[in-house]
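Data first, discussion second: the structure below is written as structure tokens.
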2 protein chains.
Amino acid sequence: MKHTSYKAMDCGAAQALECVGEWWSILILRDAFLGLSRFDEFQTSLGIASNSLTRRLKHLTENGLLDRRIYSERPKRYEYILTERGRDFFPVLVTLTKWGNQHLAPNGAYVQLADRLTGKLLEPILMDKSSLLKITYENVTVQPGPGATEEVLARLATRKVKNEQ
Amino acid sequence: MKHTSYKAMDCGAAQALECVGEWWSILILRDAFLGLSRFDEFQTSLGIASNSLTRRLKHLTENGLLDRRIYSERPKRYEYILTERGRDFFPVLVTLTKWGNQHLAPNGAYVQLADRLTGKLLEPILMDKSSLLKITYENVTVQPGPGATEEVLARLATRKVKNEQ
DNA sequence: CACTGTAACTTTCATTATGCAAGTTACAAG
DNA sequence: CTTGTAACTTGCATAATGAAAGTTACAGTG
């Protein structure tokens, strides 16, 4: 049964998930960030069926996150490289990984980030670019943006006072 | 065909996606962050089939992101409220929404964040908590963490020099 | 009292996606 | 020639999904 497309939703998250929201897609991107690029590398790393991997790589390529490049003419051989759009997905992967490490890793975080130059360990948090205010669910509100539509206005209008735990 | 579980993967992102990686799950969380809490509210907002919504709410509840609370005894009525673990997912949703808005919104961002107290618009970016170094794909490396396993070490060992675009 | 409407699901059924396993093609190497 | 490899493709059985109808437990109304 074909799952409902999010394409018609006026929502950044939904639009993003239309590109990356299928099972396996984000893990393929994880591996691309780790430097994997070839079909068999992804398949071995993930243990994914080849027909599923083909479909996912195609979808990620069509949506501009990966670039399918030829690396051998005879025989034709291809690799899949992150595009700039794909690389811009990095903060999503970092925050997702951090959440998973915090809440689900049984023996502490599996990985951590370090400054490439100094080797100093880093703890990623979300801040406002100019004021350096730490961004949390409790201290921000969501406003309509420049591209807001009636749908967005309606969605924001139906929200309620945030529930206190 | 039952899709492959990520449970056995030693990876924060995979563990996270085991909880939220099915179609609809993250959008349900989005709506929960916007204050929706009842079955019919989610269903109306998302246009999702009721059997799928039931399964997803159950899964999110079992995985500790939502709390199913009774709000009426006669008749029994329930609402779904974000837990602390659920609220900790906020940075993921923010970065995902930002990526979607930047790359896929046709007329600019659908929404933006604002400081709850001052109303000042915010631009979320990822920084290191102590040094305030901006975290980007280009300036960090991934290291084994305290919970790293053989699998993690192997995965990190197979990475290659990052490809230059 | 009966009827209606609502909330929160549950059930049924046909369609699509998935994993498994085998197969195909175009090479290079021996 | 055979063998091995990379990158898929194909066939098939199973699971997930959407659409639509149904069920239960009420409250409200006439």
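Residue numbers start from 1 in every chain, and the chains themselves are labelled A, B, ... in the order their sequence lines are given, proteins ahead of strands.
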In whole Å, what is the span from the CG atom of Leu53(B) to the P atom of dA7(C)? 14 Å
Taking the six-membered ring of Tyr137(A), is the NZ or CZ of Arg87(B) close enough (under 6.0 Å from the centre) and on axis enough (within 45°)? no
Could you tell me if the ring centre of Tyr78(A) sits under 6.0 Å from that of Tyr71(A)? no
Whichever of Ile48(A) and Ser50(B) has the more 5' nearest nucleotide on DNA chain C, that residue is Ser50(B)
Is Trp24(B) close enough to dT17(D) that one of its side-chain N or O atoms is under 4.0 Å from OP1 or OP2 there? no
Which is more 5' along DNA chain D, the nucleotide nearest Phe39(A) or the one nearest His3(A)? Just name the residue. Phe39(A)
So does Arg38(A) pair up with Asp40(A), basic N to acidic O under 4.0 Å? no
Send over the distance from Tyr6(B) OH to dT18(C) C1', rounded to a whole Å. 12 Å
So the side-chain hydrogen bond (donor to acceptor under 3.5 Å, both in side chains) pairs with at least one residue in residues 16-30 of chain A (sequence neighbours excluded) are Ser5(A)-Glu18(A)
Looking at Tyr71(B), I'd like to know whether one of its side-chain N or O atoms comes within less than 4.0 Å of OP1 or OP2 on dA8(C). yes
Touch class at under 4.0 angstrom, heavy-atom based, for Thr4(A) against every strand present: sugar-phosphate
Think Tyr80(A) has a side-chain N or O under 4.0 angstrom from the OP1 or OP2 of dA6(D)? no
Can Asn51(B) and Thr54(B) be counted as having a side-chain donor-acceptor contact under 3.5 angstrom? no
Worked verdict on Phe33(A) versus Val142(B) for side-chain contact (heavy atoms from CB on, under 4.5 Å): CA-CA 10 Å; Phe33(A) 276 110; Val142(B) 185; over 6 Å; no
Rounded to the Å, how far apart are Trp23(A) CH2 and dG19(C) C1'? 14 Å
For Leu126(B) and Pro91(A), work out which heavy atoms get closest and say how close. CD1-CA, 3.8 Å
At under 4.0 Å between heavy atoms, what does Phe42(A) touch on the DNA or RNA strands: base, sugar-phosphate, or nothing? nothing
Would you tabulate the nitrogen or oxygen pairs shorter than 3.5 Å linking the protein to nucleotides 25-28 of chain C?
residue: dC27(C); atom: O3'; partner: Arg74(A); partner atom: O; Å: 3.4
residue: dA28(C); atom: OP1; partner: Arg74(A); partner atom: O; Å: 3.3

How many whole angstroms separate atom CG of Leu46(A) from atom P of dA7(D)? 15 Å
Which residue in the set Val92(B), Val20(B), Leu93(B) passes side-chain contact (heavy atoms from CB on, under 4.5 Å) when paired with Leu29(B)? Val20(B)
Strictly below 4.0 Å: does Arg38(A) bring a side-chain N or O up to OP1 or OP2 of dC8(D)? no
Between Ser45(A) and Asp31(A), does any side-chain donor sit less than 3.5 Å from a side-chain acceptor? yes
Atom CD of Gln43(A) and atom P of dA7(D) are separated, to the nearest Å, by 10 Å
May I ask you to list the residues of residues 54-64 of chain A, by number, that have any heavy atom positioned under 4.0 Å from an atom of DNA chain D? Thr54(A)
Using a 4.0 Å heavy-atom cut-off across all strands, classify Asp40(A) as base, sugar-phosphate, or nothing. sugar-phosphate
For dG18(D), take OP1 and OP2 only and decide whether either is under 4.0 Å from a side-chain N or O of Ser52(B). yes
Taking for each residue the nucleotide of DNA chain D with the nearest heavy atom, is it Met1(A) or Asn51(A) whose nucleotide lies nearer the 5' end? Asn51(A)
Could you check if a side-chain atom of Leu27(A) sits within less than 4.5 angstrom of a side-chain atom of Met9(B), using non-hydrogen atoms only? yes
Please state how far atom CD in Glu22(A) lies from atom P in dA16(D), giving the value in whole angstrom units. 16 Å
dT14(D) C1' sits how many Å from Lys2(B) NZ, rounded? 10 Å
Distance check needed: dA6(D) C1' versus Glu79(A) CD, whole Å only. 13 Å
